[in-house]
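Beneath this line is the structure, given in structure tokens, with notes to follow.
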Amino acid sequence: MKIFTNKVFKNYFTMMLALTFLELIFRLVMKLPILDWACLRIFLEVNIISLVLSTIFSFCGRILGDILSFVATLIFTIYAIGQAGFENYLGVYVSFGTSSQLGAVTDYFKDYLDSFNPKFWLMLIPVAVMGIFYILFERRFYIIERNEIIDFSDKFDSLERKEQNEKERFKLRKKIAKNSKINAMVMAVILGILFYLTLTLSFMQNDIQLKSTKSLLLNPDMPNIAVGQFGIASYGLLDVKSTLMPSSLPTEESYDTYKKVEQVKSDYTRYIDDTTWESLIKDETNSNYKTLSNYYISQKITDKNDYTGMFKDKNLIVIMMESTSTIAINQKYFPNLYKIYNEGWSWTNAYSPRNSCSTGNNEMSGMTSLYSIYNTCTANIYKNNKYPESLFNLFKNAGYTTSSYHNYTEKYYARKTIHPNMGSDHYYGVTELGIPYSNAYKEWPSDVELMDKFLNITEDQDKFMAWITTVSSHQPYTQDSELGNLYLDMFKDTNYDMSLKRYLSKLKVLDNALGELLDGLKEQGKLDDTVIVLYGDHYPYGLTNSTINQYMNYDVSENNEVDRTPFVIYNSGLTATKHDTYTTYMNIVPTVANLFGLDYDPRLYAGTDLLSKDYVSRAYFANGSWQDEKAYYNATTGKISLKDENNGYTAEEIQEINKQINEKIHMSNLAIKTNYFEYLNSKIHPEKELETTEKSKKSS
């Protein structure tokens with residue numbers, strides 16, 4: 001009982017127990033492994049956190065120290081419950097690095113609560129027990145402590161010739177308190193050493209983990225892995241640290257690691273003169289730029305192929321469809337998308353991986369073939385970056401008129417800045433398009449009107465490239481709304497949940513818009529000369545996996561299957577083809593650039609031309625997981641599931657795949673953080689940089 005009469009160790013012990021059980025419940029409800037080395041690491045962390053906080057709070061007096069200990073534990077609990085809810089709702093753990101979207105997220109709050117799993121409330125049990133303990137037993141232990149101090153003081157006084165006075169008692173209390181604090185810090189140091197060993201001892205490491213646990217401690221940029229390895233409380237602290245005190249830009253890779261590979265000459269060789277680039281690398285003193293240049297110049301230049309230039313001089317329309325999953329491929333309900341999907345080239349194993357700020361970040365990745373920074377709203381934070389290698393600029397360099405369209409405001413993403421910096425000659429937002437809209441979150445503008453406006457603008461354009469981002473099928477689906485109720489009668493004979501019916505109603509609006517586009521292009525005589533690329537930005541947030549499973553013929557809760565979305569390249573002259581290779585939106589830019597015969601450097605993209613012989617059929621997800629014909633690798637757990645036990649991967653092969661994807665993500669992130677591609681373009685093509693600057697001056 002004496003541990004409870006010492007205010008440092010009493011608060012340490014109660015916090016440690018509460019946080020330990022919080023972490024245990026969190027792992028159980030989030031289906032994270034319980035019997036692995038990460039749990040030992042988390043237990044050590046919980047002890048360190050509890051010791052440090054209880055020592056700090058001991059300076060505040062008994063009652064205030066108790067209150068602060070309880071409040072700290074409550075904050076960790078609320079944070080854990082919130083993160084569990086967000087992972088369940090959005091499929092990602094949120095970061096303080098996405099705080100720029102806080103105002104927008106409040107719009108989702110009702111949907112967030114509607115999707116909340118009641119079992120998450122179990123995490124309140126430890127802090128509730130802690131609170132009861134303080135309320136019921138605090139006075140009792142205070143009396144015990146006082147009596148023990150007096151008894152101990154009397155014994156001490158007898159040794160000191162029984163000189164009893166208040167001054168000596170006060171000194172005694174200070175001595176006991178001081179010793180308690182010293183002992184707590186010594187314990188924290190010992191635990192810290194043990195914790196460090198869990199990061200370094202080889203038998204405690206997962207050989208096929210995407211990123212080392214030690215590197216995640218310095219930069220928890222992959223929250224799913226960091227939560228699994230450090231627990232939810234420590235991840236929260238690490239996230240706060242990395243947000244308030246960002247580490248210097250990573251330069252783990254030596255710039256001497258990457259060596260340029262000479263091309264093997266053939267009739268399909270794509271020649272690129274690297275003389276200027278090589279001179280730049282030789283003279284570069286900035287270690288980040290030198291690392292990036294050595295990495296990108298060392299990548300393989302994919303050859304031309306039989307598809308190179310087959311769409312040369314045709315128009316291009318890329319449509320990123322809001323919240324569109326493979327649910328939309330249905331001839332009865334959505335005939336226009338069904339027509340495009342089945343009469344064009346469609347990829348049956350296409351995915352749109354979730355990440356923070358998915359719409360804006362996945363739009364950015366679709367335009368640049370770069371991995372966005374997982375725990376930030378990359379598109380907004382780095383909105384002033386320029387990307388000479390973006391899809392817009394590739395077409396602009398080929399003499400195309402480029403433009404972009406979205407039927408909503410700047411509330412969520414700064415497209416008026418982002419798109420022109422990507423190379424869009426003109427960005428048309430909802431106001432400029434003259435489309436009516438409501439500030440009510442549940443009401444979204446019609447995509448049909450968006451397509452009408454688009455057709456009016458491009459009617460007189462020759463050789464245009466356009467990017468359209470739709471919005472009608474956006475959540476919420478749990479509330480009545482104009483578009484959500486518009487076509488409910490079509491689904492009245494189904495047994496679907498009402499939320500799914502409203503989603504289908506909104507998808508019908510999108511499908512009508514696609515029909516409007518096809519009819520309009522045909523009337524203008526442009527359909528045959530136009531290529532349409534469709535992809536979904538992400539699955540329909542706001543619908544639970546169980547609700548989506550009412551419609552699907554497979555379980556979307558397994559192996560990131562909820563992220564499966566339509567991807568199609570359509571032209572009226574194409575022979576319908578189904579491709580079963582695995583892909584994501586990362587491959588759009590190099591694939592389209594090759595099909596249109598554009599002047600581009602394949603090395604500057606994280607993706608690859610899907611029709612190239614060098615393309616590896618594999619879908620990489622934003623959290624580091626991946627899937628192909630053989631297996632699914634779960635980056636969160638660091639485990640692999642084989643689809644055929646007799647045809648899988650060795651540990652070495654998995655490590656090599658993970659090394660490659662980790663490099664792609666790391667280099668993409670470093671390039672974005674340093675605005676590398678604008679730097680590279682200004683050095684290799686200074687005449688283009690000057691031309692762009694002059695155009696900007698005239699425009700302003």
Side-chain angles (χ1 to χ4, degrees), residues 316-329 334 336-337 340-341 344 346-347 350-372 377-380 387 390-392 395 402-410 412-416 418-419 422-424 427-430 433 444-448 450-451 453-454 458 464-475 506-507 509-511 513-514 516-517 530-541 563-570 583-589 591-592 607 622:
L316 173 68
I317 301 172
V318 180
I319 304 176
M320 187 177 80
M321 303 177 293
E322 172 65 47
S323 303
T324 302
S325 74
T326 52
I327 287 175
I329 304 171
F334 315 113
N336 297 301
L337 179 54
I340 293 171
Y341 189 84
S346 53
W347 275 260
Y351 297 83
S352 291
R354 292 159 284 172
N355 56 56
S356 301
C357 307
S358 279
T359 297
N361 283 356
N362 292 357
E363 180 183 76
M364 175 187 174
S365 292
M367 293 175 175
T368 63
S369 187
L370 293 172
Y371 284 95
S372 60
C377 285
T378 313
N380 281 343
Y387 301 90
S390 73
L391 196 63
F392 288 113
F395 277 88
T402 62
S403 56
S404 49
Y405 308 79
H406 180 53
N407 47 337
Y408 201 61
T409 66
E410 296 286 285
Y412 300 104
Y413 302 105
R415 290 186 172 93
K416 286 182 181 177
I418 297 168
H419 286 205
M422 289 281 184
S424 174
Y427 169 68
Y428 296 89
V430 67
L433 290 170
W444 300 101
S446 170
D447 291 337
V448 175
L450 174 63
M451 294 304 175
K453 300 292 185 181
F454 164 76
T458 58
F464 65 84
M465 176 264 163
W467 184 285
I468 302 174
T469 299
T470 69
V471 79
S472 291
S473 44
H474 200 293
Q475 63 177 337
K506 291 186 172 190
L507 276 184
V509 178
L510 170 62
D511 189 70
L514 295 176
E516 192 80 8
L517 177 65
T530 300
V531 176
I532 300 173
V533 175
L534 299 177
Y535 80 102
D537 63 342
H538 53 72
Y539 85 98
Y541 293 155
D563 292 323
R564 188 184 288 267
T565 54
F567 174 57
V568 58
I569 298 175
Y570 173 82
T583 183
T584 71
Y585 46 69
M586 297 299 298
N587 302 307
I588 291 175
V589 177
T591 302
V592 169

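All residue numbers in this chain count up from 1 along the given sequence.
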* pair Val531-Ile569: side-chain heavy atoms closer than 4.5 Å -> yes
* **Close side-chain approach of Leu433 to Tyr405, heavy-atom, < 4.5 Å** => yes
* Asked: Once the angle between the rings of Phe454 and Phe464 is folded into 0 to 90°, is it parallel (under 30°), tilted (30 to 60°) or perpendicular (over 60°)?
  -> perpendicular
* Walk me through it: do Ile418 and Met367 pass the test side chain to side chain contact (heavy atoms under 4.5 Å, CB included)? => CA-CA 11 Å; Ile418 297 168; Met367 293 175 175; 5.5 Å; no
* Apply the test side chain to side chain contact (heavy atoms under 4.5 Å, CB included) to residues Thr368 and Val589: give CA-CA distance (whole Å), side-chain angles for both, the deciding distance (0.1 Å), then the verdict. => CA-CA 7 Å; Thr368 63; Val589 177; 5.8 Å; no
* For Glu410 against Lys416, the heavy-atom pair lying closest together -> OE1-N, 3.1 Å
* To do: For residues Leu391 and Trp467, determine if any side-chain heavy atom of one lies less than 4.5 Å from a side-chain heavy atom of the other.
  => yes
* **Interatomic distance, Asp511 atom CG to Ile329 atom CD1 [nearest 0.5 angstrom]** => 11.5 Å
* Taking all non-hydrogen atoms of both residues into account, name the closest pair between Tyr413 and Ser358 and its distance. => OH-N, 4.2 Å
* **Asp537 side chain to Ser323 backbone, donor-acceptor under 3.5 Å** => yes
* Asked: Is the shortest heavy-atom distance from the side chain of Leu510 to the side chain of Phe334 under 4.5 Å?
  -> no
* To do: Heavy atoms only: give me the nearest Leu337-Ala328 pair and the separation to one decimal.
  => CD2-CB, 3.3 Å
* Asked: Is Gln475 close to Lys506 at the side-chain level, that is, under 4.5 Å between some pair of heavy atoms?
  -> no
* To do: Give a yes or no on whether the backbone of Ala379 and the side-chain of Asn361 come within a donor-acceptor separation of less than 3.5 Å.
  => yes
* Structure fact -> dist Met364:CE -> Cys377:SG (nearest 0.5 Å) comes out at 11.5 Å
* To do: State whether a side-chain donor-acceptor pair under 3.5 Å links Glu363 with His419.
  => yes
* Are the side chain of Tyr585 and the backbone N or O of Pro353 linked by a donor-acceptor pair below 3.5 Å? -> yes
* **Sequence-distant partners of Ser446, side-chain hydrogen bond (donor to acceptor under 3.5 Å, both in side chains), two or more places apart** => none
* Under 30°, 30 to 60°, or over 60°: which ring-plane class applies to Tyr541 and Tyr539, parallel, tilted or perpendicular? -> perpendicular
* To do: Could you point out which residue of Thr470, Asp447, Asn336, Ile532 forms a side chain to side chain contact (heavy atoms under 4.5 Å, CB included) with Leu514?
  => Asn336
* Between atom OH of Tyr427 and atom CE of Met422, what is the distance when rounded to the nearest 0.5 Å? -> 13.0 Å
* Mind checking the CD1-CD1 spacing from Ile319 to Ile340? Nearest 0.5 Å is all I need. => 6.5 Å
* Structure fact -> When Ser473, Pro445, Ser472 are each screened for side chain to side chain contact (heavy atoms under 4.5 Å, CB included) with Val509, the one that passes is Ser472
* Just jot down the side-chain hydrogen bond (donor to acceptor under 3.5 Å, both in side chains) partners of Asn587, sequence neighbours excluded, or say none. => Thr583, Tyr615
* What are the two closest heavy atoms between Gly366 and Tyr535, and how far apart are they? -> CA-OH, 3.8 Å
* Asked: Can you find a pair of side-chain heavy atoms, one from Asn362 and one from Asn355, that are under 4.5 Å apart?
  -> yes
* **Exercise: identify the closest heavy-atom pair between Phe392 and Thr402** => O-CG2, 3.5 Å
* Asked: Which of parallel (below 30°), tilted (30 to 60°) and perpendicular (above 60°) describes His474 and Tyr412?
  -> parallel
* Without swapping roles, check the side chain of Ser365 against the backbone of Leu370 for a donor-acceptor pair under 3.5 Å. => yes
* Quick one: pull up OG in Ser403 and CE in Met465 and give me the separation to the nearest 0.5 Å. => 8.0 Å
* **Donor-acceptor contact present, side-chain Asp563 to main-chain Tyr351, <3.5 Å** => no
* To do: Check for a donor-acceptor pair, side chain of Glu322 on one end and backbone N or O of Thr469 on the other, with a separation under 3.5 Å.
  => no
* Asked: Is the shortest heavy-atom distance from the side chain of Asn380 to the side chain of Cys357 under 4.5 Å?
  -> no
* To do: State, yes or no, whether a side-chain contact exists between Phe567 and Ile588 at a heavy-atom distance under 4.5 Å.
  => yes
* Carefully, step by step, assess Val533 and Thr591 under the rule side chain to side chain contact (heavy atoms under 4.5 Å, CB included). => CA-CA 11 Å; Val533 175; Thr591 302; over 6 Å; no
